[in-house]
Each structure stands twice: as structure tokens, then as C-alpha cells.
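This report concerns only the one structure given below.
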Amino acid sequence: MRNTLIIMTLAILGLAGLAFYRDGTPALMRGLFISGRTLIEILPLLAVAFAVAGLVSQVTSTQAVNKWLGQASGFRGILLAAVAGAIVPGGPYIFFPLAATLLVSGARIGTVIAFLTAKNLWTLSRLPMEFALLDARIVIIRYAVTFVFPVLLGLLGNMLFSASTDKLRQSVARMQNQAQAENPGKGNKKCS
Amino acid sequence: MLIAFLVLLAMAGVLFFIARRDGQGGHICGLRKGMGMFIRLAPLLVLAFLLAGFIQVAVPPELIQEWIGTKSGFKGVFIGSIAGSLLAGGPYVSFPVISAINHSGAGTGATVSLITGWAVIGLGQLPFELTIMGPRFMIVRLSTVFATPFIAGLITQYFFG
């Protein structure tokens, strides 16, 4: 987070410098004005979007998804994994460990790829942000165009990499064991 | 804008009642989580909007139009895919930036490539993938998804360009 803030500040200063070099002070004022106006316009949308994000994370749980996907396999597994990917909230520090657990506990490689691609492309908890921050037309086109990718890529993954699933499973399990050794007793924080 | 707001409000309403059914104040808990997220991300959001604003005054629109504008076709989709993959921030940073690029004249195809490239590859998530899943898995996954931003952009260009 702190690194991101520093990098962004530097990028803003760089762009501000460039704007100043091109058009002088008026360009700087225009940049500030555009930023402020967009922020104020979008603020109510953001407030509701964050309420949705918080509520989504409240009504879904990673354990349930894991249990639910454990039994499914083949095409059904891919479909279920894609739906799960769309539903599971949280950033990469949540969905990659979940994907690792899925693979290690017996899911096929295509199932895991479908899960991750759906998480990347369909994420319901990100949808409010997408609508708040981008034009609705773009958001709708983007969802429509990429809609089939998670399932297609899951099938492709099974076609291409089924033979190496065991090796992948072992290497992911090794990573998990390492993480466990470095970070024992890591519990899930729950709101109460 | 108003429609987006109303849709979100409806979603929040439905989720609010689903969360309330647990009888343990899950709805309050969810709202509190959302507010916590908002407050924690507020500095990032302000910077993201500043970044997006200054992109619009610093980078000449003609340049963006020439590179990834409506008429840039194949080239625009290609550049959009690469640029999207290189965007490292989360949605709060990347969406305002992509929106600014879109408003400066990027084509619909290139904009979809930007979003898709950021979503499926996105430099920001790769360190997590590398440390949690390991290099072998990461290569397998990337080899299946790397073409998606490009394909998505081309489909968009063809149907909605």
C-alpha cells in the first residue's frame, strides 16, 4: 500500500510536470479541476459500491466454496468453479491461496484455471466499482465479450495440461508447506 | 450514471436483507466492512483521481487517438493489451486511469483490451501468484490466458467499434 502511494505520487508529479511544460499553470489548474470534479461526481456511487462490496464479503465464505467445489469434476467442475470465482470476494492474497487449496485437494488444472479466470473477469464484488468508475457501455460490452472465456480456458487447460496436473499439484503443495512453515497459525479475521 | 447508482442501490438493498437473515447483525457487519474498506482506500482513491485527471491534461489526446484511438484498429488493440497487462494497481487505481484514457479518445476495442489485459495478467497480481502458486503453475496459467485481452479487443472492435 505504501509503495503504491509513493509510486502514484511520483507518477502524478511526473504528469503534472509534463502538463506544466506543455501548457504552463492553466494546464495544472485544469488537471486539478478535472480530478476534483470526477471525484465529487463519483463519490455517491463509490459509497454505495463499497457498501455492496462489504455486504458481498459478509454473505460469502471461502470455506463454503472450497467444500462445494471439492466433489465436482470435469465440465461440471469447470462451470461450478467459474461461478465460484465470480462470487468469491477479496484480492489476490485471498483467491490464490484458495486456488492452491483447490488444486492440492484434488481439483483438476482446468477447474483451477476456470476459477482464477472467472475471478479475474467476472468478479461480482468488483462490478459495482467497474460501473462507478467506467462508462456503463464499456462495462457491459466488456462483460459480454469476455463472458465465455473462463469456461473455455478451463476446458483448454484440461486439454493441454492434464498430463502435468500431478507435477503442478506437487509444486503448489510444496509452496503451501513453505508458507505454512513461515507463517504458522495464521487465522482468518472475522468481523463480529 | 444515475442508472448505475440505482442498480448499485438495489444490489445493496438485496444483500442487506440476505446478510440480515443470519440474525447476528451480519448486515451491520457487512456495512461496517465496506466503510472500513472505503476509509482505508480513500488516500489511494484521491491519488487515482489525480492521476486520471493529470493524464488528461499531460498526454495529448491526439497521441492517444493515434496509438489506440477508434481508427487505430489492430495496432490499438495490440497496444491496449500490452499496456493493460502492465497496469499494476488494483481496480481503484486502474479503472480511473483506464477511464481517463478512454475519454481522451481511445477506441472501444482498445479500452476493452486494456481492462481485460489488466484483469487476467495485471502485474499487480503476479507477485502473489508467484509466491503462492509457484512459477510452474504461473507459466501454465499465463500460457492459457495470454491471448484473451487481444481476442476480446478484436471481437469488440468488430462488433462494437
Side-chain angles (χ1 to χ4, degrees), chain A residues 4-5 8-9 11-12 15-16 18-19 27 30-32 34-35 38-39 44-45 48-59 91-93 96-97 99-100 109 113 116-117 120-121 126 128-136 138 141-142 145-146 149 153 156-157 161 168 171-172 175 191, chain B residues 3-5 7-9 11-12 15-16 18-19 26 29-35 37-38 43-44 46-47 49-58 89-93 95-96 98-99 102 108 111-112 115-116 119-120 125 128-129 132-134 136-137 140-141 144-145 148 152 155-156 160:
Chain A
T4 315
L5 292 178
M8 286 178 72
T9 310
I12 293 166
L15 285 168
L18 194 62
R30 213 147 37 87
L32 282 177
I34 294 174
S35 310
T38 338
L39 184 60
L45 237 72
V48 189
F50 276 105
V52 172
L55 287 164
V56 166
S57 78
Q58 183 64 29
V59 299
Y93 42 87
F96 279 122
I109 179 73
I113 289 178
L116 286 173
T117 314
N120 284 336
L121 289 175
R126 198 181 67 203
M129 300 300 157
E130 217 164 330
F131 269 113
L133 298 169
L134 291 163
D135 289 349
I138 296 278
I141 291 176
R142 212 275 300 162
V145 167
T146 58
F149 283 136
L153 293 178
L156 185 72
F161 300 106
L168 281 168
S171 80
V172 172
M175 300 299 288
C191 170
Chain B
I3 294 173
F5 184 72
V7 170
L8 286 177
L9 211 57
M11 276 174 81
L15 286 163
F16 185 82
I18 295 177
C29 191
L31 287 180
R32 202 174 290 153
K33 272 189 200 167
M35 202 167 76
M37 246 190 284
F38 199 178
L44 208 63
V46 171
L47 286 183
F49 281 103
L50 279 173
L51 190 60
F54 277 111
I55 284 178
Q56 291 179 56
V57 291
Y92 319 104
V93 177
F95 287 150
I98 292 171
S99 179
N102 183 222
T108 312
T111 307
V112 166
I115 304 172
T116 311
V120 298
Q125 68 176 354
F128 290 97
E129 184 168 20
I132 297 166
M133 310 295 285
R136 193 191 286 265
F137 179 90
V140 163
R141 187 187 71 87
T144 59
V145 301
T148 40
I155 297 175
T156 306
F160 308 98

**Study point:** Centroid-centroid under 6.0 Å between B:Tyr92 and A:Phe50 rings
**Key:** yes

Review point. When only pairs under 4.5 Å are counted, which of B:Leu8, B:Ile155, B:Thr116 shares the most heavy-atom pairs with chain A?
Key: B:Leu8

Practice item. Pick whichever of B:Thr108, B:Leu47, B:Val145 has the most heavy-atom pairs under 4.5 Å with chain A. Key: B:Leu47

Practice item. Please identify each residue that fulfils side-chain contact (heavy atoms from CB on, under 4.5 Å) with A:Ser35, with sequence neighbours left out. Key: B:Leu50

Exercise for review: Working to the nearest 0.5 Å, report the span between OG1 of B:Thr156 and CZ of A:Arg142.
Suggested key: 10.0 Å

Exercise for review: Under 4.5 Å, counting heavy-atom pairs only, tell me which of A:Met129, A:Arg30, A:Arg126 racks up the most with chain B.
Suggested key: A:Arg126

Revision key, fill the gap. Value for CD (B:Glu129) from CG (A:Leu116), rounded to nearest 0.5 Å, stands at 6.5 Å

Check your understanding: How long is the span from the CZ atom in A:Phe96 to the CZ atom in B:Arg141, to the nearest 0.5 Å?
Key -> 5.0 Å

Revision key, fill the gap. Heavy-atom nearest pair, B:Ala12 first then A:Leu55, reads O-CD1, 3.6 Å

Revision key, fill the gap. Correct closest heavy-atom pair for B:Gly26 and A:Gln58 would be O-CG, 3.2 Å

Review point. Checking A:Leu32 against chain B: side chain, backbone, both or neither under 4.5 Å from a heavy atom?
Key: both

Revision key, fill the gap. Greatest number of non-hydrogen atom pairs under 4.5 angstrom with chain B, of A:Ile141, A:Leu18, A:Thr9, falls to A:Ile141

Practice item. Any chance you could measure A:Ile138, atom CD1, to B:Asn102, atom CG, to the nearest 0.5 Å? Key: 4.0 Å

**Study point:** Heavy-atom pairs under 4.5 Å with chain B, option from A:Thr146, A:Val172, A:Leu134, A:Leu156 with the top count
**Key:** A:Leu134

Review point. Roughly how far apart are A:Ile12 CD1 and B:Phe49 CZ, rounded to 0.5 Å?
Key: 12.0 Å

Exercise for review: Side chain from CB out, backbone as N, CA, C, O: work out which of these in B:Gln56 comes under 4.5 Å of a heavy atom of chain A, or both, or neither.
Suggested key: side chain

Revision key, fill the gap. From the list B:Ile115, B:Leu9, B:Ile98, the residue making the most non-hydrogen contacts under 4.5 Å with chain A is B:Ile115

Revision key, fill the gap. Scanning both residues in full, the closest heavy-atom pair of A:Ala19 with B:Val57 reads CB-CG2, 3.9 Å

Check your understanding: Residues in ring pair (Phe, Tyr, Trp, His ring centres under 6.0 Å) with B:Phe16, at least two apart?
Key -> B:His27

Point to revise | Pairwise side-chain contact, A:Leu133 with B:Ser99, heavy-atom cut-off 4.5 Å (strictly under) | key: no

Check your understanding: Measuring heavy-atom distances to chain B, does A:Ile113 have an atom under 4.5 Å in its side chain, in its backbone, in both, or in neither?
Key -> side chain

Practice item. Work out which heavy atom in A:Gly54 is nearest to a heavy atom in B:Lys33; give both atom names and the distance. Key: CA-CB, 4.1 Å

Practice item. Could you tell me which portion of B:Ala152 (side chain, backbone, both or neither) has an atom closer than 4.5 angstrom to a non-hydrogen atom of chain A? Key: both

Practice item. Would you give the length of the straight line joining atom CD1 of A:Ile34 to atom CZ of B:Phe54, rounded to the nearest 0.5 angstrom? Key: 9.0 Å

**Study point:** B:Ile132 versus A:Ala100, closest heavy-atom pair with distance
**Key:** CG2-CB, 4.2 Å

Practice item. Counting only heavy atoms closer than 4.5 Å, note whether B:Thr111 contacts chain A via side chain, backbone, both or neither. Key: side chain

Review point. Do A:Phe161 and B:Thr144 have side-chain heavy atoms sitting under 4.5 Å apart?
Key: yes

Point to revise | Top of B:Val46, B:Val120, B:Val93 for chain A proximity - count of heavy-atom pairs under 4.5 angstrom | key: B:Val120

